Amino acid sequence: MDKQKRKAIVAGNWKMNMTRPEAGELIKAIRPLVSAAECEVVVCVPFTDLDAAAKALKGSEIRLGAQNCHWEPSGAYTGEISVPMLRELGAEYVIVGHSERRQYFGETDQTANRRLRAALFGGLKAILCVGETLSQREANDTNDVIARQVTEGLREVPAGRLGDVVIAYEPVWAIGTGKTATAEEAGQACAFIRGLLAGICGDEETACGVTIQYGGSMNPKNAAQLLAQYDIDGGLIGGASLKAADFAAIVEAASK
Ligand code: 13P
């Protein structure tokens with residue numbers, strides 16, 4: 001399958017930003033700017049914004065996502081949010097294994113995998129985040145780290161379900177730092193991930209169909225170059241997704 005046939009997805013990861021009124025305002029500003037998008041557009045909002053965001057998105061093509069989920073459907077897990085809860089609020093996507101969750105909240109490949117499987121079997125699409133830290137890159141461990149994160153993250157996921165999985169390659173050193181991987185570095189890592197997917201599912205055609213995003217200081221200036229890479233099919237956008245014009249400019253770059 002060639003790049004043109006794969007689904008490009010630009011997703012905003014709002015992280016811990018935006019109160020409900022602010023979320024409504026931001027979505028109101030984004031909607032008209034991305035109405036002609038030729039890629040899929042997703043906003044992954046804080047749990048507390050999901051309801052307001054779903055209402056603000058009514059009638060638009062923009063999809064709603066969350067930033068985490070628990071693997072059990074319900075139970076004594078204080079502070080956690082389940083997949084059925086997210087679905088009931090209108091979420092279609094959920095991010096799992098983000099590096100900030102790995103760094104600050106004890107997320108491991110195993111817990112990311114449990115969340116991902118719960119999401120898929122509960123009817124959500126999952127964006128699995130992978131990527132190396134600066135010290136791992138400097139030690140030439142990038143491929144080993146990514147291989148482990150992808151393989152463990154997708155453990156026990158049947159190949160037939162990979163259509164509901166998006167992989168986001170987010171080098172940790174490029175997140176929120178203004179440092180972007182060069183287009184070539186990012187493209188190489190994403191190509192490596194596609195090769196891993198082919199090995200995992202034993203089927204090149206399926207691997208070729210999976211959307212792989214780049215994330216890490218993507219902005220209107222660098223988006224086109226990153227998105228032109230053969231194996232980069234969209235972006236997971238942090239800071240720039242909080243500014244309607246910047247987010248829309250990235251969506252436009254992905255629509256070409
Ligand atoms: P920035 O775009 O702010 O670097 O964040 C990227 C990210 O972590 C998206 O999940």
Side-chain angles (χ1 to χ4, degrees), residues 9 11 13 15 44 65-73 75 77 79-83 86 93-122 124-176 181 185-186 188-203 206-207 210-216 231-236 238:
I9 304 175
N13 174 9
K15 308 193 179 184
C44 296
Q67 299 170 15
N68 192 20
C69 63
H70 196 261
W71 48 83
E72 294 294 341
Y77 300 98
E80 292 294 316
I81 305 284
S82 74
V83 170
L86 297 178
Y93 282 87
V94 64
I95 296 172
V96 298
H98 192 280
S99 64
E100 285 149 16
R101 300 233 42 105
R102 294 177 193 259
Q103 200 176 343
Y104 305 128
F105 303 105
E107 184 85 281
T108 63
D109 290 326
Q110 287 66 39
T111 54
N113 173 253
R114 292 180 84 175
R115 296 183 209 283
L116 180 134
R117 282 186 285 127
L120 293 185
F121 294 112
L124 290 175
K125 294 172 186 156
I127 301 175
L128 172 66
C129 299
V130 301
E132 79 288 0
T133 63
L134 185 58
S135 59
Q136 289 166 334
R137 172 162 283 259
E138 285 172 348
N140 273 330
D141 284 341
T142 298
N143 284 358
D144 287 350
V145 170
I146 296 174
R148 192 199 69 227
Q149 291 174 335
V150 171
T151 308
E152 294 300 321
L154 295 179
R155 191 168 287 284
E156 290 175 38
V157 174
R161 299 307 307 271
L162 281 182
D164 289 330
V165 174
V166 174
I167 308 286
Y169 169 61
E170 301 203 304
V172 178
W173 48 272
I175 294 178
E185 283 169 335
Q188 270 166 17
C190 292
F192 176 69
I193 290 170
R194 201 173 301 287
L196 290 170
L197 293 174
I200 289 168
C201 68
D203 168 11
T206 303
V210 174
T211 298
I212 302 179
Q213 298 172 318
Y214 169 79
D231 285 295
I232 300 181
D233 310 309
L236 186 55

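Atom set for the values below is all heavy atoms of this structure, side chains included, hydrogens, waters and symmetry mates excluded. Please read these numbers as outputs of a predicted model, since none were measured by experiment.
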Can you list the residues that meet the side-chain hydrogen bond (donor to acceptor under 3.5 Å, both in side chains) rule with Trp173, with sequence neighbours excluded? Glu132
Looking at every non-hydrogen atom in both residues, tell me the closest pair between Val130 and Val150 and how far apart they are. CG1-CG2, 4.0 Å
What residues, two or more places apart in sequence or in another chain, satisfy side-chain hydrogen bond (donor to acceptor under 3.5 Å, both in side chains) together with Arg117? Asn113
Scan residues 164-174 for pairs that pass salt bridge (charged side-chain N to carboxylate O under 4.0 Å, His left out), counting only residues two or more places apart or in two chains. Arg161-Asp164
Does anything in residues 100-111 form a salt bridge (charged side-chain N to carboxylate O under 4.0 Å, His left out)? List the pairs, not counting sequence neighbours. Lys15-Glu100, Arg102-Asp109, Glu107-Arg115, Asp109-Arg148
Report the C-alpha distance between Val83 and Val94 in whole Å, list the side-chain angles of each, state the deciding distance to 0.1 Å, and finish with yes or no for side chain to side chain contact (heavy atoms under 4.5 Å, CB included). CA-CA 9 Å; Val83 170; Val94 64; 5.8 Å; no
Nearest atoms (heavy-atom pairs only) where Leu236 meets Gln213: CB-OE1, 3.7 Å
Starting from the C-alpha separation in whole Å, work towards a yes-or-no answer on side chain to side chain contact (heavy atoms under 4.5 Å, CB included) for Ile212 and Leu197. CA-CA 11 Å; Ile212 302 179; Leu197 293 174; 4.3 Å; yes
Spacing of CG belonging to Asn13 relative to CD1 belonging to Ile95, to within rounding of 0.5 Å: 3.5 Å
Please determine whether side chain to side chain contact (heavy atoms under 4.5 Å, CB included) holds for the pair Phe192 and Thr142, giving the CA-CA distance in whole Å, both sets of side-chain angles, and the decisive distance to 0.1 Å. CA-CA 10 Å; Phe192 176 69; Thr142 298; over 6 Å; no
Just by modelled atom types, is the Val172 backbone N or O under 3.5 Å from a matching donor or acceptor in the Arg137 side chain? no
Look up atom CD1 in Ile193 and atom CG in Asn143, then write down how far apart they are to the nearest 0.5 Å. 9.5 Å
Restricting to non-hydrogen atoms, name the atom on Ser99 and the atom on Ile175 that form the minimum distance, rounded to 0.1 Å. OG-CD1, 3.2 Å
Would you call Val145 and Thr133 a side-chain contact if the rule is heavy atoms closer than 4.5 Å? no
Any idea which heavy atoms bring Ala147 and Leu196 closest together, and the distance? CA-CD1, 3.6 Å
Applying ring-ring contact (aromatic ring centres under 6.0 Å, His included), name anything that partners Phe121, two or more places apart in sequence or on another chain. none
Closest non-hydrogen contact found for Cys201 with Thr206 is SG-CB, 3.9 Å
Side chain Gln149, main chain Cys129, donor-acceptor under 3.5 Å: no
List in chain and number order the residues that pass salt bridge (Lys or Arg N to Asp or Glu O under 4.0 Å) with Glu72, two or more places apart in sequence or in another chain; answer none if no residue qualifies. none
CG of Leu154 to CD1 of Ile200: how many Å apart, nearest 0.5 Å? 5.0 Å
So, taking the atom named SG in Cys69 and the one named CG in Leu116, what distance separates them when rounded to the nearest 0.5 Å? 8.0 Å
For Leu128 versus Ala112, what's the shortest heavy-atom pair and its separation? CD1-CB, 4.4 Å
To the closest 0.5 Å, what do you measure between CG (Leu86) and NE2 (His70)? 12.5 Å
How long is the gap from CD1 on Ile232 to CD on Gln188, to the nearest 0.5 Å? 10.5 Å
Just by modelled atom types, is the Ala181 backbone N or O under 3.5 Å from a matching donor or acceptor in the Tyr214 side chain? yes
